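What follows is a set of notes on a single structure, which appears directly below.
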Amino acid sequence: MSKVHIMTDEKRIERLSAMLKRRGIVLPAFEIYGGVSGLIDYGPVGATIKRKVIRNWIEHWTINGDIVEIDSPTITPEPVLIASGHVGEFNDLMTQCVKCSSAYRADQLAEDYHPNPDMLDSDEIDNILISNNIECPNCGEKEWTPSRPMNLMFGTKIGAMKASRQAYMRPETAQGMFMLYPSLYRHFRQKLPFGAIQTGKGYRNEISPRQGMIRLREFNMAELEYFIDPKNPPLVDISMKKDNVSLIPDPKGNEREVVKLSFHDAINQGLIKDRTVGYFLSRTWDFLMNVGIDPSKIRFRQHEGTEMAHYAEDCWDCEILGEHGWIECVGIANRTCHDLLSHEKYSNSNSLRAWREFDVPKIESKEVLAPNTSILGPVFRGKAGLVLEALEQLKELPNTLPFQLLVNDGTEVEITSDMVERKIVSKNIAGEWFTPHVIEPAFGIDRIIWHILDHAYEETEKEGEKYNLLKLSESVAPADLIVLPLFEKDGMGDAARKLNSTINSMKGITSLIDSSKSIGRRYARADEIGIPWAVTIDHTTLEDETVTVRRRDDQKQIRTGIKVLLNLINSGNISSLF
RNA sequence: GCGCCUGUAGUGAAGGGGUUAUCACCUGAGGUUUCCAACCUCAUGUCCCGGGUUCAAAUCCCGGCGGGCGCACCA
């Protein structure tokens with residue numbers, strides 16, 4: 001990742017983090033036992049925000065019907081991750097230069113001294129480093145720390161004792177979608193394109209988790225695998241996408257400059273090469289708008305060849321600017337057929353393909369030597385199968401019979417004219433099997449939530465005092481509204497409780513109630529956790545069934561009837577009051 | 001993993017080898033109050049963990065754990 005130095009306001013991060021902790025949004029996990037780096041809790045307020053972000057994400061992708069949700073285990077048997085490449089990629093031995101602390105893959109240092117260094121264990125490879133006086137490429141020193149495997153996956157065992165199988169906590173949810181490909185293919189009536197999404201936990205045993213919620217050891221992922229026929233890519237229409245976005249394309253000419261273009265133009269000008277990738281970039285943009293990310297703090301950056309993941313053919317990151325600088329929050333990769341092909345190879349399954357029908361069936365006719373098995377069989381006995389195979393594979397037919405046929409076991413046999421019949425066979429070929437390509441948008445939910453909070457957090461002043469508010473989008477706010485009795489007495493408290501339970505009985509609507517301390521303080525508390533609307537019950541309410549509705553973002557208040565308000569809440573349209 | 005800095009109520013801070021660790025805000029109970037963190041009374045709650053030095057450790061030392069930054073690593 002290119003280094004980006006942004007002036008970050010560390011004090012603001014501290015104040016924001018303190019608020020998140022104080023208000024039960026995001027907290028360090030296991031804190032009474034000292035905490036564990038890279039693990040966090042979402043508290044009573046944060047868990048709701050997280051759930052709403054994920055729900056928005058699921059609805060965003062499933063709305064067209066071509067994408068379905070699945071859910072698979074986090075514990076994954078080793079062969080799956082061998083096929084996916086994770087075991088190989090993650091099990092490298094690392095060593096460090098004692099002098100300058102540069103870290104290297106030990107097998108790469110030992111490359112010239114052993115034919116197959118990645119097969120060695122750490123003692124063997126340490127010996128090679130010492131006995132060959134291998135120098136540190138950085139400082140030239142020849143002293144190395146003992147090498148150790150840098151396995152970024154959490155290992156575990158399925159079952160006990162001898163019967164147990166090696167397994168890992170999944171490092172990504174994507175493999176679950178590939179495992180279910182056969183089921184998805186049937187579900188979608190064997191027609192591409194289609195996709196599957198999954199949200200859930202992923203695990204990476206990071207060497208040094210940093211930056212709060214940015215690099216976690218257990219984190220929330222949301223991934224989409226969209227399967228396409230590369231020869232008939234889906235028709236996507238993004239002509240409506242006129243918003244200008246910031247793009248940093250991979251330069252052929254070594255320029256890494258931000259280009260402001262609409263997705264539509266970026267595709268038409270060839271800046272985004274794959275239309276389908278472009279479509280998902282624009283849909284990603286839409287999602288980030290929905291959950292309240294600041295559009296001026298988003299950019300899409302194409303990976304350079306060297307940083308491309310081991311599977312990806314083309315890759316764009318969506319980066320979001322926050323207090324930690326530009327952070328990769330979404331990766332959109334064209335993984336091509338890599339995963340399905342690899343699983344097909346390792347699992348011996350033949351159901352990881354799709355059928356492509358030709359527009360016009362192909363008629364293939366060729367001249368063959370059709371075997372007469374009643375003669376061939378008795379003559380060649382055990383070898384007959386090999387002979388048949390060799391006959392079928394024959395590229396050029398002999399002009400005359402008998403002839404010498406080379407069989408797969410290296411021997412030659414004589415084929416006489418009574419054993420075969422020369423004839424022309426024609427075959428009607430309606431289509432072909434192929435391995436679909438897959439486009440993968442992968443979202444880091446925790447990173448997105450951090451930026452939602454970061455962008456929504458506003459520090460202002462009110463009558464000389466500091467005043468914080470969280471201007472969350474209604475779609476991710478921890479509650480839709482809060483009901484506040486001006487006072488507990490004279491029946492206002494009862495009226496508030498009644499209204500609150502009426503609102504909460506509406507499907508999908510969450511209302512809170514708060515009656516402790518002064519009204520100003522309660523507004524402040526609600527503002528700080530981002531509740532967009534406050535409904536206040538006062539003396540007038542008791543007389544004429546009206547309440548005041550207060551808008552978080554400008555503290556404006558409007559008086560309206562309870563019945564009118566209930567209708568607006570139900571239709572999600574409170575803002576039309578203002 | 002290395003280096004530098006760091007850890008005191010829920011939050012933010014002060015202090016510091018010796019009686020009962022200080023302050024503000026927050027939180028809770030009661031009072032007061034006719035819409036934006038008001039006020040009064042009372043209450044709850046803290047020295048990250050382990051070891052060492054010492055008559056005595058929250059304070060000094062060592063280690064661990066956590067946090068921040070830099071280097072390295074990072075799908």
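Since we're looking at a predicted model, the values are computed, not measured. Throughout, protein chains are lettered first and strands after them, A, B, ... in sequence-line order, and every chain is numbered starting at 1.
- To the nearest 0.5 angstrom, F578(A) atom CZ is 10.5 Å from D553(A) atom CG.
- I531(A) contributes atom CD1, which lies 8.5 Å from atom CG of D514(A) (distance to the nearest 0.5 angstrom).
- The interatomic distance linking R525(A) (CZ) with C36(B) (C1') rounds to 12 Å, in whole Å.
- With contacts defined as side-chain heavy-atom distances shorter than 4.5 Å, the pair E545(A)/K563(A) does not qualify.
- G66(B) atom P lies 17 Å from atom CG of L27(A), rounded to whole Å.
- When distances are taken from the side chain of R210(A) to each of C36(B), A37(B), G3(B), the shortest belongs to G3(B).
- Taking 4.5 Å as the limit, some side-chain heavy atom of I320(A) sits within range of a side-chain heavy atom of H455(A).
- G15(B) and U22(B) have their C1' atoms separated by 7 Å, given to the nearest Å.
- Taking the side chain of S208(A) as heavy atoms from C-beta on, and the options A72(B), C74(B), A37(B), the nearest nucleotide is A72(B).
- Atom C1' of C40(B) sits at a distance of 12 Å from the matching atom of U33(B), rounded to the whole Å.
- Aromatic ring orientation, F487(A) versus H539(A): tilted (interplanar angle from 30° to 60°).
- Here the side chain of S342(A) pairs a donor or acceptor atom with the backbone of A83(A) at under 3.5 angstrom.
- Under the 30°/60° scheme for interplanar angles, the aromatic rings of F154(A) and Y203(A) are found to stand perpendicular.
- K489(A) has its NZ atom 7 Å from the C1' atom of U33(B), to the nearest Å.
- Each of Q555(A) and S516(A) lies near RNA chain B, and the nucleotide nearest S516(A) is the one positioned closer to the 5' end.
- Taking every side-chain heavy atom of R550(A) into account, C36(B) is the closest of A37(B), C36(B), C35(B).
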Checklist outcome for this item: Its dot-bracket string being built from Watson-Crick and G-U pairs below 3.5 Å, with | for another strand and [ ] for crossing, RNA chain B has the pattern (((((((..((((....[...)))).(((((.......)))))....(((((..]....))))))))))))....
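- A9(B) and A13(B) have their C1' atoms separated by 12 Å, given to the nearest Å.
- G30(B) and G67(B): their P atoms are spaced 40 Å apart (whole Å).
- One can place CD1 of I558(A) at 15 Å from C1' of C35(B), the figure rounded to the nearest angstrom.
- Using cut-offs of 30° and 60° on the angle between ring planes, the pair W61(A) and F443(A) is perpendicular.
- Distance from the side chain of Y523(A) is smallest for C36(B) among the nucleotides U27(B), G66(B), C36(B).
- Remark: the backbone N or O of S37(A) is paired with a side-chain donor or acceptor of R217(A) at under 3.5 angstrom.
- Going from the C1' atom of G51(B) to that of G12(B) covers 31 Å, rounded to whole Å.
- In this structure, R215(A) atom CZ and G66(B) atom C1' are separated by 17 Å, rounded to whole Å.
- Distance from the side chain of Q557(A) is smallest for C35(B) among the nucleotides G66(B), A37(B), C35(B).
- Counting non-hydrogen atoms under 4.0 angstrom, Y467(A) reaches a base of the nucleic acid.
- Rounding to the nearest 0.5 Å gives a distance of 10.5 Å between CE of M153(A) and CZ of R204(A).
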If you restrict it to nitrogen or oxygen atoms, what contacts under 3.5 Å exist between nucleotides 8-13 of chain B and the protein, and what is each distance?
from	atom 1	to	atom 2	distance (Å)
U11(B)	OP1	K21(A)	NZ	2.6

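- From I558(A), atom CD1 reaches atom OG1 of T546(A) across 12.5 Å, with rounding to the nearest 0.5 Å.
- Nucleotides G3(B) and U46(B) are separated by 35 Å at their P atoms, to the nearest Å.
- Between the CD atom of E488(A) and the P atom of U32(B) there is a distance of 14 Å, given to the nearest Å.
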Checklist entry - Which letters describe nucleotides 38-52 of chain B, given B = protein heavy atom under 4.0 Å from base, S = only from sugar-phosphate, - = neither? => result S--------------
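- T536(A) comes within 4.0 angstrom of a nucleotide base, judged by non-hydrogen atoms across all strands.
- Checked against C74(B), C35(B), C69(B), the side chain of H324(A) finds its nearest nucleotide in C69(B).
- The CE atom of M492(A) sits 10 Å away from the P atom of U34(B) (whole-angstrom rounding).
- Nucleotide G68(B) holds its C1' atom 18 Å from the CZ atom of R12(A), rounded to whole Å.
- Classified by interplanar angle (parallel below 30°, tilted 30° to 60°, perpendicular above 60°), the ring pair F280(A)/Y226(A) is perpendicular.
- Across all strands, G331(A) comes closer than 4.0 Å to no nucleic acid atom at all (heavy-atom distances).
- Atom C1' of C60(B) sits at a distance of 49 Å from the matching atom of G31(B), rounded to the whole Å.
- Note that the CG atom of N334(A) and the CD1 atom of I439(A) stand 4.0 Å from one another [nearest 0.5 Å].
- Atom name C1', nucleotides U11(B) and G52(B): the rounded distance is 34 Å, in whole Å.
- Interatomic distance, CD of Q175(A) versus NE2 of H86(A), reported as 6.0 Å (0.5 Å rounding).
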